[in-house]
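Reviewing the structure listed below.
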Amino acid sequence: MKTKSPPNELARRLAEREEVEVGILELEGLLAKARRRLDEVSAEIESLREHRAPPS
């Protein structure tokens, strides 16, 4: 059975780490976008509650 040489293994691990870091950055961007949208929707809900007709 052939073993991986340390330089090749290191290069593979570095590439894998970079890929994971990019994935994390993408997820953080999506999370920030979702939080902004949640804030917008929450503000819209609050506005609607303030402007609704009082119960009869």
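Keep in mind the model is a prediction, meaning the values are calculated, not measured.
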Which atom pairs, donor and acceptor, lie under 3.5 Å between side-chain atoms of residues 17-29 and protein residues at least two apart or in another chain?
none

Apply salt bridge (Lys or Arg N to Asp or Glu O under 4.0 Å) to Arg37 and list each qualifying residue two or more places apart in sequence or on a separate chain.
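Only Glu40, Glu44 meet the salt bridge (Lys or Arg N to Asp or Glu O under 4.0 Å) criterion with Arg37.
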Among all residues two or more places apart in sequence or in another chain, which pass the salt bridge (Lys or Arg N to Asp or Glu O under 4.0 Å) test with Glu16?
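Arg12, Arg13.
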Could you identify which residues cluster with Val41, counting Ile, Leu, Val, Met, Phe, Trp and Tyr as linked when any side-chain heavy atoms lie under 4.5 Å apart, either directly or through a chain of such contacts?
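Same cluster as Val41: Ile45.
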Residues that, via side-chain heavy atoms closer than 4.5 angstrom, fall in one hydrophobic cluster with Leu14
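Its cluster mates, by chain and number, are Leu10.
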Taking side-chain contact (heavy atoms from CB on, under 4.5 Å) as the test, write out the residues that go with Leu31, two or more places apart.
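For Leu31, the residues satisfying side-chain contact (heavy atoms from CB on, under 4.5 Å) (neighbours in sequence not counted) are Arg35.
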Look at the side chain of Ser42 and the backbone N and O of Leu38, then say whether any donor-acceptor pair between them is shorter than 3.5 Å.
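Yes, the answer is positive, given that a donor and an acceptor are paired below the 3.5 Å cut-off.
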